[in-house]
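Notes follow the structure.
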Amino acid sequence: RCQQMDADERAAIDQVERQSVNVCIDEGLSTEQLECLLAMKSLEDFQAVTTCPAIKAKHPSWLLAGPPPT
């Protein structure tokens, strides 16, 4: 049963990543920005995502971490 839950969780994560890629493409984000966003695997990663140079250069409009875009 635990292995099934792990597979289900992985499938959910994969789906979120696919949807995230589409949102990034629609917004015109760069490959570097997408890589920074997809590298987030923990709360600490989320809190630090705005230190990524690509995110600093262009803060995604929907990203609630860090200061709002100016």
Let me confirm one number: the CD-NZ distance from Glu27 to Lys58, rounded to the nearest 0.5 Å. 5.5 Å
So how far is it from Thr31 OG1 to Ile25 CD1, rounded to the nearest 0.5 Å? 9.0 Å
Hey, what do you get for CH2 (Trp62) to CG (Leu29), rounding to the nearest 0.5 Å? 7.0 Å
Non-hydrogen side-chain atoms of Gln33 and Ser30 separated by less than 4.5 Å: yes
With side chain to side chain contact (heavy atoms under 4.5 Å, CB included) as the test, would you mind laying out the steps for Lys56 and Thr50 before giving the verdict? CA-CA 6 Å; Lys56 280 184 176 182; Thr50 57; 5.6 Å; no
Value rounded to 0.5 Å, distance of CD1 in Ile55 from CD in Glu35: 11.0 Å
Would Met40 and Val23 show up in the same hydrophobic cluster when neighbours are defined by side-chain heavy atoms closer than 4.5 Å? yes
Starting at CG of Leu34, measure out to CG of Leu38 and round the result to the nearest 0.5 Å. 4.5 Å
Flag side-chain contact, heavy atom, 4.5 Å: Leu37 against Phe46: no
